[in-house]
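Single-structure report; data block below.
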Amino acid sequence: MRCAAAHPVPDRHGQNLYSTDAELLALLPLYLRPELLAHMQPHFERLGALAGGPLDELARTADRNPPTLSLRTRTGNDESRVMKHPAYVEMERLAFSEFGLAAMSHREETLGWKGKMPPLVKYVLTYLFVQAEFGLCCPVSMSDSLARTLRKFGSPALVAHFLPRLQTLDFDTLAQGAMFMTEQAAGSDIAATLTRAWQDAAGAWRLSGDKWFCSNPDAELAMVLARPDGAPPGMQGLSLFLLPRRLDDGALNHYRIVRLKDKLGTRSMASGEIRLEGARAHLVGEPGRGFQQMADMVNNSRLSNGVRAAGLMRRAVAEAEYVARERLAFGQRLEQMPLMQRQLHKLRLRAEQARTMVFQTALALARADDGDADAYALLRILTPLIKFRACRDARKVTGDAMEVRGGCGYIEEWSDARLVRDAHLGSIWEGTSNIVALDVLRAIRRDASLPALQAHFGALLAEAAGTPAIAPAFATALRQALARATNLADRVATQKVGERLARQVASALYHCCSAVAMAWEGARTGSLQRVHWAQAVLVHRVLPRDPLAEEAMPPEWAGAT
């Protein structure tokens, strides 16, 4: 019998996705305090082991056994229920209860750490979890974002009543969250929302209407946009409501899950259509400011989308690297072949850009939550940047990585096909690419985000440029590229006709900022590999090049070795 190590079809299943990620291990000391990193190390290792083995098996099982909808009880009562496979329920327990991914940011103690947990820890855990299971991370993100929005805009009484179930780690009592926003006529055009809100004789708010695309439709709590009677048309007439699945007496609220969606990806997690039939709801925040308040939840979910895209790319690249290292063809290993080396290099580049931007955005979020106005302006633009570019890159990286595995990659028994299907979600949910690119311009116009971005990445570049790893010529190239990108963004943002270049602006800012940050990481950690990746971002994704000429790195960019 042939031993596993010598088998001609390499199988990476069972590896620890944390301890085998050399770049993650090298970067974490740069971004996390030593005492926090030491505390989290065993938790990262445990989740890495789960994601590489048992969690991966659960994810595959749940993907092959998607949820179903039961419309009535066996005694004939109308009670629409989502029936979940036990594998999915076990993943819920791991995510919500054991690792506290949704509640972590709203607790004073998680995983034995006393005090507020920085966002980066949550995103590192999510980055590991999503490499095995993508679909469940949507409910996790929405639950986290709903708690954040409730705390920020809800009345003290509303927060006191509902927040504890969003903070607890007890699997039998915790509440999951959702957002019911999309309608048939109001997808990206939220101003076209038709869902009606009114107050009954007792003064309680009621909702009626259809919501067209609702993920996690049986969540205990959902944020809903609706238009109160008498409110003006357009965005300014919308208000935000908290919709409980059950009323205080335990009875089901007055809405039904009409059907579940048959989706390309995220098949483990239910998405459905909701019909509101006079459902009881609670007004959140100020009437008429529903969209502005919901935007906080949407932006938090957009950042989570970027994190998940980065995790998908990491899994795809790691699988491709393993196959290339272990697979023999034509008398040599695939990774020894020049064309494969080039292909893997391009895959790594996009994945590492996303990783770096996740870390940078998480630090901005932490500072913004502590009241730093400049950090909020920076966060406001980094969020749509990573949502736009990383999610689009994930579609290409997962597809190209599947090709490295060849025919086996096209088979559902392997992770590649699921990664490809799931990767297409990021560019659609929480805003399509066009909508999110336009939001980059909105951040520049309304939130003065461009000066904050220039100041932050300019400071990183100044610090990196003072080290031997960054050659003066390369520092100059980075500085010039960042200046040109921000000048383009400023021109486009101030011209209405310039909106046609919004995607170009978003890509340019993302590439230049990630190149600067990767150069800074390389300089701080002594990683010439990250410096080289920063150089490759400029060459391959920013600077003009002749498609008929061989690519070459400018020799004057070489720093000290």
Side-chain angles (χ1 to χ4, degrees), residues 23 26-31 345-346 348-364 367 374-375 377-379 381-382 385-386 389-390 393 440 444 449-491 504-546 549-561:
E23 289 298 320
L27 286 174
L28 284 178
L30 180 60
Y31 285 96
H345 172 67
K346 289 188 173 183
R348 292 188 194 105
L349 193 61
R350 288 172 167 84
E352 293 301 331
Q353 281 184 272
R355 191 202 306 256
T356 290
M357 291 298 275
V358 164
F359 281 27
Q360 290 291 319
T361 309
L363 293 187
R367 296 199 305 271
D374 289 337
L378 178 63
L379 174 69
I381 193 169
L382 287 182
L385 284 179
I386 193 171
R389 190 65 261 167
D393 282 351
V440 172
I444 295 172
S449 289
L450 204 56
L453 183 119
Q454 290 172 302
H456 175 75
F457 288 96
L460 293 184
L461 179 54
E463 183 179 342
T467 68
I470 307 299
F474 178 47
T476 298
L478 284 170
R479 193 174 297 109
Q480 291 174 344
L482 183 61
R484 290 185 63 194
T486 53
N487 287 339
L488 173 66
D490 185 55
R491 292 199 310 274
Q504 183 176 338
V505 166
S507 289
L509 291 176
Y510 177 89
H511 294 324
C512 290
C513 291
S514 61
V516 168
M518 291 168 80
W520 173 80
E521 290 170 340
R524 286 289 304 273
T525 63
S527 171
L528 294 180
Q529 177 63 76
R530 296 203 78 76
V531 174
H532 178 70
W533 280 330
Q535 294 169 342
V537 169
L538 282 195
V539 170
H540 294 296
R541 312 202 73 183
V542 177
L543 299 179
R545 60 189 182 90
D546 184 352
E550 182 178 356
E551 297 170 0
M553 202 73 68
E556 64 272 18
W557 285 9
T561 58

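All of these numbers come straight from a predicted model, not from anything done at the bench. Because only heavy atoms are used, hydrogens play no part in the values below, and waters and symmetry mates are left out as well, while side chains stay in. Throughout, residue positions are numbered sequentially from 1 according to the sequence presented.
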Rounded distance (nearest 0.5 Å) linking atom [atom1] of [X] with atom [atom2] of [Y]:
X      : Y      : atom1 : atom2 : value
Leu538 : Leu543 : CG    : CG    : 5.0 Å
Leu363 : Leu379 : CG    : CG    : 11.0 Å
Gln535 : Met518 : CD    : CE    : 10.5 Å
His345 : Arg350 : NE2   : CZ    : 10.0 Å
Leu460 : Arg524 : CG    : CZ    : 9.5 Å
His532 : Met553 : NE2   : CE    : 4.5 Å

Write down the atom of [X], the atom of [Y], and the distance for their closest heavy-atom approach.
X      : Y      : value
Pro29  : Ala26  : CD-O, 3.4 Å
Leu461 : Ala475 : CD2-O, 4.0 Å
Ala469 : Val531 : O-CG1, 3.9 Å
Leu478 : Ala519 : CD1-CB, 3.9 Å
His540 : Arg545 : O-NE, 4.2 Å
Phe457 : Leu482 : CB-CD2, 4.1 Å

### Query
Is there a side chain to side chain contact (heavy atoms under 4.5 Å, CB included) between Leu27 and Arg530 once you walk through the steps?
CA-CA 10 Å; Leu27 286 174; Arg530 296 203 78 76; 3.7 Å; yes
### Task
Walk me through it: do Leu385 and Gln360 pass the test side chain to side chain contact (heavy atoms under 4.5 Å, CB included)?
CA-CA 12 Å; Leu385 284 179; Gln360 290 291 319; over 6 Å; no
### Task
Keeping to residues at least two apart or across chains, list the side-chain hydrogen bond (donor to acceptor under 3.5 Å, both in side chains) pairs with something in residues 475-491.
Gln454-Thr486
Are any non-hydrogen side-chain atoms of [X] and [Y] less than 4.5 angstrom apart?
X      : Y      : result
Arg367 : Leu378 : yes
Ile470 : Trp520 : no
Leu453 : Leu382 : yes

### Query
side chain to side chain contact (heavy atoms under 4.5 Å, CB included) between Trp533 and Glu521: does it pass, once the steps are laid out?
CA-CA 11 Å; Trp533 280 330; Glu521 290 170 340; over 6 Å; no
### Task
If the plane angle is over 60° it's perpendicular, under 30° parallel, otherwise tilted; pick one for Phe474 and Trp557.
tilted
### Residue pair Gln353 / Arg389, side-chain donor-acceptor N/O under 3.5 Å
no
### Query
Under 3.5 Å, side chain of Ser449 to main-chain N/O of Ala377, donor-acceptor pair present?
yes
### Query
Would Val358 and Tyr31 count as a side chain to side chain contact (heavy atoms under 4.5 Å, CB included) if you check the C-alpha gap in whole Å, the side-chain angles of each, and the deciding distance to 0.1 Å?
CA-CA 11 Å; Val358 164; Tyr31 285 96; over 6 Å; no
